[in-house]
Amino acid sequence: MGETQEVQHPHETSFTIHMGESQEVQLSKIEANGVQETNSLEGNRFRGPMNESMKSKKKLYYRWFRIAIHSVLVLVSSSAAILLGRLYYEKGGKSKWMGTLVQLCGFPIMLPYYFITAPKKLTTNNSIHPNQPSASMLAFVYVSIGLLLALDCYLYSVGLWYLPVSTYSLICSSQLAFNALFSYFLNSLKFTPYIVNSLILLTISSTLLVFQNESSSDDSDSTQISKKKYVIGFLSTVGASAGYGLWLSLTQLVFKKVMKGETFKVVMDMIIYTSLVATCVTVVGLFASGEWNGLTNEMNEYELGKASYVLNLTFTATLWQLFTISCFGLIREVSSLFSNAISALGVPIVPILAVIFFHDKMHGIKAISMVLAIWGIISYVYQQYIDDTTSENTVNSHVAKPSVPQEEVHG
């Protein structure tokens with residue numbers, strides 16, 4: 001009996017020992033896992049906000065890179081298109097409706113890229129914004145903005161026909177003030193000191209150049225026009241500037257309130273359908289006015305030849321379409337007022353180019369005006385930089401807040 005007990009006790013002892021080891025191992029594993037989980041949570045607590053901050057900075061830099069590209073395209077395309085438009089009239093072009101048509105009819109060059117990319121963006125857009133506007137609402141938006149665009153381009157064409165190119169470009173800078181006014185009522189724009197400073201500087205810049213042009217009757221050959229035509233051109237350009245400011249503000253409002261998104265497809269639809277409506281209206285005006293009958297003689301009598309006539313109209317249409325795309329890009333990235341402010345920067349650029357191509361005289365006031373315009377644009381861009389920095393700090397503070405309760409729980 002005693003031997004049996006001695007044999008059994010070791011087994012029992014060993015069993016309890018094995019159980020104790022397994023429990024100790026499990027406990028050690030749990031403790032180790034607890035330490036690892038705590039370390040991982042602590043690591044995520046520090047790495048999470050840092051990663052989010054790095055990502056937000058990369059997005060910010062990439063966004064400003066896109067803004068810079070769009071801004072350069074706006075300046076280059078608008079300046080070149082205005083000069084080509086004036087060259088068309090200088091060398092024998094007479095049709096105001098043709099001058100309007102070339103501002104609108106270039107949109108088909110985007111159709112291949114649009115149809116290739118649209119299906120992918122369509123599914124993504126529907127998944128993000130399931131409540132899409134109705135077909136009747138979209139039709140109303142496209143037709144309304146298209147009609148406004150056609151009228152605006154026709155007024156610009158009339159102004160460019162009657163006014164010297166430098167005077168025309170300077171009056172166009174008033175579109176920034178109109179855009180600010182419409183954005184105040186339609187898009188709840190807040191006038192900060194930097195924005196007010198920008199508007200004042202750009203207004204002074206335009207006023208100086210207009211006075212310079214009026215006081216110098218020998219700036220260019222195109223200044224030999226009657227007072228009546230000058231008034232018509234002046235009023236048409238001011239009306240076109242007001243229409244352009246309204247067009248930009250309405251487009252921004254439609255993106256936010258109606259489309260509820262600013263994806264690639266939404267922007268492309270806005271460009272293509274409004275341009276289609278405006279082009280159809282302009283073609284009707286071209287035939288109804290009878291100017292269509294004189295286009296053949298106009299091409300034959302063009303001073304630079306038929307080939308130059310066709311190339312002028314082709315490049316003008318392409319440049320205006322590039323300008324439209326870039327403006328929409330700036331509206332998406334920033335606002336309609338910023339897009340218009342960048343356009344206003346071309347005010348001093350066009351007179352400088354007019355000196356080279358149209359032999360206009362350059363005076364000191366024009367140089368001062370250019371400096372003021374650049375200063376005004378920098379003032380507005382700096383305000384946008386402040387807004388982006390403030391929003392970035394707000395996002396980072398929201399990202400860092402969820403880590404506080406985790407730290408209290410582990411503590």
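Between the Ser249 side chain and the Leu246 main chain, no donor and acceptor come within less than 3.5 Å of each other. The backbone N or O of Glu333 sits less than 3.5 Å from a side-chain atom of Arg63, completing a donor-acceptor pair.
No side-chain heavy atom of Leu155 sits under 4.5 Å from any side-chain heavy atom of Thr237. Between Asn197 and Leu201, some side-chain heavy-atom pair lies under the 4.5 Å cut-off. In this structure, Val165 and Glu90 have side chains that are not in contact, with every pair of non-hydrogen atoms separated by 4.5 Å or more. Between Thr282 and Gln103 there is no side-chain heavy-atom pair separated by less than 4.5 Å. Here the side chains of Phe255 and Val266 are in contact, with some heavy-atom distance below 4.5 Å. Taking the side chain as every heavy atom from C-beta outward, Met268 and Met110 approach each other to under 4.5 Å.
When all heavy atoms of Ala150 and Thr100 are compared, the pair lying nearest together is O-CG2, 4.1 Å. Closest heavy-atom contact between Gly285 and Trp97: O-NE1, 3.6 Å. Heavy atoms only, all atoms of each residue included: Ser241 and Asp152 are closest at N-OD1, 4.4 Å. A pairwise comparison of heavy atoms in Lys96 and Ser157 identifies O-OG, 2.8 Å as the closest pair. When all heavy atoms of Leu295 and Ser95 are compared, the pair lying nearest together is CD2-CB, 4.0 Å.
In this structure, Cys105 SG and Leu276 CG are separated by 12.0 Å, a value rounded to the nearest 0.5 Å. The distance from the CG atom of Leu84 to the CZ atom of Arg86 is 13.0 Å, given to the nearest 0.5 Å. Note that CE of Met270 and CG of Leu138 are 8.5 Å apart. Values are rounded to the nearest 0.5 Å. Going from atom OG1 of Thr274 over to atom CD1 of Ile145 covers 7.0 Å, rounded to the nearest 0.5 Å. The CD1 atom of Ile325 sits 9.0 Å away from the OG atom of Ser275 when rounded to the nearest 0.5 Å. With values rounded to the nearest 0.5 angstrom, Tyr142 atom OH is found 6.5 Å from Tyr273 atom OH.
By the ring-ring contact (aromatic ring centres under 6.0 Å, His included) test, Tyr156 is found to be paired with no residue, residues two or more places apart in sequence or in another chain being considered. Residues satisfying the ring-ring contact (aromatic ring centres under 6.0 Å, His included) test with Trp247, not counting sequence neighbours, are Tyr244, Phe328. By the side-chain contact (heavy atoms from CB on, under 4.5 Å) test, Ile232 pairs with Val158, Tyr162, Lys228, Ser236, sequence neighbours left out. For Phe287, the ring-ring contact (aromatic ring centres under 6.0 Å, His included) partners two or more places apart in sequence, or in a different chain, are Trp292. Every residue two or more places apart in sequence or in another chain was checked for a side-chain contact (heavy atoms from CB on, under 4.5 Å) with Lys59, and none qualifies.
One finds no salt bridge joining Lys94 and Glu298 here, because no Lys/Arg side-chain nitrogen approaches an Asp/Glu carboxylate oxygen to under 4.0 Å.
Exactly one residue among Leu104, Leu101, Leu148 makes a side-chain contact (heavy atoms from CB on, under 4.5 Å) with Cys153. That residue is Leu104. Checking each of Val72, Val74, Leu73 against Val76 for a side-chain contact (heavy atoms from CB on, under 4.5 Å) leaves exactly one that passes, namely Val72.
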* Go through Asn300 and Thr296 one step at a time and tell me if the side-chain hydrogen bond (donor to acceptor under 3.5 Å, both in side chains) criterion holds. => CA-CA 6 Å; Asn300 294 330; Thr296 302; over 6 Å; no
* Please assess Leu304 against Tyr309 for the test side chain to side chain contact (heavy atoms under 4.5 Å, CB included), listing each intermediate value before the final yes or no. => CA-CA 7 Å; Leu304 300 179; Tyr309 179 86; over 6 Å; no
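Aromatic ring centres of Trp320 and Phe323 lie closer together than 6.0 Å.
Applying the ring-ring contact (aromatic ring centres under 6.0 Å, His included) definition to pairs two or more places apart or across chains, those involving residues 165-189 are Tyr184-Phe191.
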